[in-house]
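In what follows, every chain begins at residue 1, and chains take the letters A, B, ... in the order their sequences are listed.
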Number of protein chains: 4
Amino acid sequence: MSDDRLTRAADRTQAIMRSTLELAQEVGYAKLSIEGVAARTGVGKHTIYRRWPSKGALFLDAVLTSNEPGLDYPDTGDIVVDLRQQIHAAVDLLGQPPLGPLYQALVGEAQHDPLVAAALNERFIRPQADRTVARLRKAQQQGQLSPEFDLDVAMAILSGPLYFKLLITQEPLTHEYVERVLNVLLAGMTPRP
Amino acid sequence: MSDDRLTRAADRTQAIMRSTLELAQEVGYAKLSIEGVAARTGVGKHTIYRRWPSKGALFLDAVLTSNEPGLDYPDTGDIVVDLRQQIHAAVDLLGQPPLGPLYQALVGEAQHDPLVAAALNERFIRPQADRTVARLRKAQQQGQLSPEFDLDVAMAILSGPLYFKLLITQEPLTHEYVERVLNVLLAGMTPRP
Amino acid sequence: MSDDRLTRAADRTQAIMRSTLELAQEVGYAKLSIEGVAARTGVGKHTIYRRWPSKGALFLDAVLTSNEPGLDYPDTGDIVVDLRQQIHAAVDLLGQPPLGPLYQALVGEAQHDPLVAAALNERFIRPQADRTVARLRKAQQQGQLSPEFDLDVAMAILSGPLYFKLLITQEPLTHEYVERVLNVLLAGMTPRP
Amino acid sequence: MSDDRLTRAADRTQAIMRSTLELAQEVGYAKLSIEGVAARTGVGKHTIYRRWPSKGALFLDAVLTSNEPGLDYPDTGDIVVDLRQQIHAAVDLLGQPPLGPLYQALVGEAQHDPLVAAALNERFIRPQADRTVARLRKAQQQGQLSPEFDLDVAMAILSGPLYFKLLITQEPLTHEYVERVLNVLLAGMTPRP
DNA sequence: TCCTAATCGAGACGGTACGTCACGTCTTGCG
DNA sequence: CGCAAGACGTGACGTACCGTCTCGATTAGGA
C-alpha cells in the first residue's frame, strides 16, 4: 500500500515531536537542540531538517500538535456564561504544566523568529481570536451587548491581561484573576438603558 | 585620581552597551553575540563577562539604560487625561523603532531566561505598573472612579492589549487602537450614579 | 531478446562511467561522489552500487575502460626503436589531459584502497610490465642485449622515473625527459665487446 | 616568560601530531578523521584547524616531523659506496613499518591535494633529490663519473624504481631489489676508457 | 495476452564527519 | 593592575555523502 510509506513517515514525525516535548520539558527550550532531539528519537538530523526548517518551527509544531484541537468554544446562548467558561479553560490550559511553560517559550521564540510568529498566529492565535469575536458578535446581534460595543477590543481585553501575567509579570495565572478581568469587562459591556 | 579609573570603567560599560544596541538593530537579537559585541567595541570578551553574566543580561541593561528614565507619569488632576497621555506615550515609545523591536526581543528573551525576566520586572514593569496603580488610586480617592473599581485589573487592561498586539499578533501598534481600549475601559470605570 | 536487457544494462554501465569521467574532470577526484554521479547520469544510487563496490572501483573501471586497449607494443625488430616508441607513447597518454590527471588520481586512490591497488595492477600495470619484459627478453635472445642484463630492472627503470615525475615531483612529463632516461638505460644495456 | 605560551602551544601541536600518527597506524589514513584526532588528543577541533588547513596537511606534518632529519647523506669519498649506503637506508626507512605505509598514504594524498603535493616536494622530495645530485656532481668533478653523464636522470633512476615498487606494484621493497637497480645504473655510469 | 520477476528512478533513512560559530574560561603581555 | 587579544575545550550548527532500504513504474519472457 502507498499508505505504508506515509504511515512510516508520519510515525517518525510524531516520534520526533514527542521527543521534542519531552526534552523541552526536561531541559527547557533554551537548551533544546536539534542534535539532542535526533539522538533521543534515534533518528538522523537530516530527518528532522527534512521536516522543519529550524528548532523554532519544530517546537511550534510539537506544541500545537500536542494540543489539537485547542480551545473549543461553548455556546450556551448566554454570552457571559460562555466567556467565563472559555477564559477559565484558557487558564487551565495555559496557566500550568505541561502546556503553560511550553507555550510561554513558544511565544518567546516568536519574538526572535518571524516564521514562528507567523505560524503561531495563523494556527493558534487568529483562529482563537476569530472564534471569540464571532461569539461576541452573535451576542451583540441578540441584544446581549450594546450595539456600539467594540468587539475586537473586548477580545483583546480578554486575552491581553492573561498574556500580561503569563509573559510579563510571570506570576501564576489564577482563575480568580481572570474572573476579575471579566468583571471589569462586563461592566463596560452590558447595554445601558 | 580614583575617579579616573571609575570613569574609564564607566566609559567602557557605556561603549559596550552602545555597540550592543547597534548590533542588535543591525542583525537582530537572535544573531547578536558577545563575541561580536566585543569585536565591535574593541574590547576583550572578559571585559564584558566581568560586567554581565549573559547576553540576555547585557541586552537588558543596554535596552533599559538607553531609555532612562522610561515613561514618566503626568498628573493633570484629570485621570482620563492622564491615562490617555500615558498610554499614547507608551505607543510612541514601544510601538516603533528604535525601541519597539528591541523591547520586543527583550521580552522574548525573558521567556527563556528567568534572570532576564526578573530584572525586567524589577527595573521596568513593576515600577511602571506601580505608578499606574498609584495614579488610579489617587483618582479613586478623589471620587473620579467608583470605589469598588479593580485598580490592578485596570492597569492590566491598559497594558495587556498593548502587549497582545506587540508580542502576539505583532501588528503595528497604533494610537487609534489604544484609544479604543481606553474607551472600553472607561465605560466600566466611571462611577455610576 | 535476452540481449535487450543485457544491452540496456551495458548501456547504463557505460553511461555511468562516462558521467564519472566527466565529473572527475570537472571537479577532481577528491570531490567526486557516487551521489553526484547518480544524479548526473539520471540513475538511482542503487544502480551504481549494484555494479561497483566503491567510488574507487567505479573510477578505476571508468578510467581503464576509457583507455582500452591501453598501450600496445610495437615490434619492429629493433629493441631500441621499440622501447623509444613505447615510452614516448606512454608520455603522450599519461603526461597530459585527459588521461594524465585521471590516472594520477587513480594511482593516488590505490594508495588508500587495496582493492583498487590490486585491480590496477592486474588490469593495467602487470600486463604492461609483462609485455615490456617479454619484448626485452626477445631482444636478449636475439643478442641485442647482453645476456646477463637484468630485464625486470630495466622495465622498472623505464617506468619508475616516469612515475616519479608524474606522482612525486608532479612536473610536466616531457619527451625530452624520457629520452634522457632511455639514453642512460641504453648505456648499461648494450652488450660490451 | 614568553616561552611558556609557545611551549604550551608547541606541546599541543606535538600531541596532536602524535595522535595523528597513532590513529593513522591503527585505522589507516582513509579512515583518519580530524574529529577522531581531536577526540583522541583531548583537544577541540578548532585547535587543529587553527594549525592545519586540512587532514592532508596535518598528516603531512605529522609524518615528516616524526622523521626529522630524514635521510642524511654519507660522504666516504667513494660515490658507489655512498649511493649504495643511501639507497639501502631509504629501503630501511620507507620499505617497512612504521614509516612505509604512512609515507605511501602521504604520497597518495598528494595526488588529490595540490597543497600536500607542494609541501611534500618542498620539505622532503626536493631536498633529498638535491643532496643526491650534489653528491653525484662532486663525484663527477672528481672523475669518478664520465663527464657527460646525466646526473638528474641518475637521481631519478635511483628513486623511480623504488617508488614504482612502493606505490605501483606495492610489493615488498627489498635490499636485493635496489641493489640490482644500482648495478644497472652503475653499468651506464662508470667512465669508459 | 496476461503474469511474474527483475530492474530501475527516486529518495528517505541512520550515520559519520565536515568546517564554522559562539560559548564561557583561561593565560599572556602591553600600557 | 586592568585590559585587548585570543587560545582553548566544548557543543551545536546545518551540510554533504555514505551505504542500506523501500517504494511504485516499467519492463521482459514464460505461462
Tell me: CZ of C:R51 to P of E:dT7, nearest whole Å? 10 Å
Any donor-acceptor N/O pair under 3.5 Å between F:dC21 base and C:H46 side chain: yes
How many whole angstroms separate atom CG of D:D113 from atom C1' of E:dC18? 15 Å
Heavy-atom pair with the smallest gap, counting every atom of A:A117 and B:Q170: CB-OE1, 3.4 Å
Under 4.0 Å: is that the gap between some side-chain N or O of A:R50 and OP1 or OP2 of F:dT15? no
When every non-hydrogen atom of B:L32 is compared with those of B:V37, the smallest separation belongs to CD1-CG2, 4.0 Å
Counting only side-chain nitrogens and oxygens, does A:R12 get under 4.0 Å of the OP1 or OP2 atom of E:dA12? no
Could you give the CG-to-C1' distance, from B:L115 to E:dG24, as a whole number of Å? 16 Å
Using a heavy-atom cut-off of 4.0 Å across all strands, would you classify A:G36 as base, sugar-phosphate, or nothing? nothing
If I take atom NZ from residue A:K45 and atom OG from residue A:S33, how far apart are they, to the nearest 0.5 angstrom? 9.0 Å
Toward the 5' end of DNA chain F, which comes first, B:V43 or A:K55, by nearest nucleotide? B:V43
Whole-Å distance, A:L32 CG to F:dG11 P, equals 17 Å
Using heavy-atom distances to pick each residue's nearest nucleotide on DNA chain E, tell me which of C:K45 and B:Y49 is more 5'. C:K45
Once rounded to the nearest 0.5 Å, what's the spacing between atom CG of D:N67 and atom CZ of D:R123? 11.0 Å
Using whole Å, what does the distance between atom P of nucleotide F:dA16 and atom CD of D:E35 come to? 17 Å
Which whole-number value in Å describes the distance from B:I34 CD1 to F:dA5 C1'? 16 Å
Which value, rounded to the nearest 0.5 Å, describes the distance between C:T13 atom OG1 and C:R18 atom CZ? 10.5 Å
Let me know the distance between OH of C:Y29 and C1' of F:dC17, rounded to the nearest Å. 14 Å
Contacts of B:K31 and A:G42 projected onto DNA chain E by closest heavy atom; the upstream (5') one is A:G42
Just the rounded figure in Å: distance from C1' of F:dG6 to CD1 of B:I48. 14 Å
Does B:T47 have a side-chain nitrogen or oxygen under 4.0 Å from the phosphate oxygens OP1 or OP2 of F:dG2? no
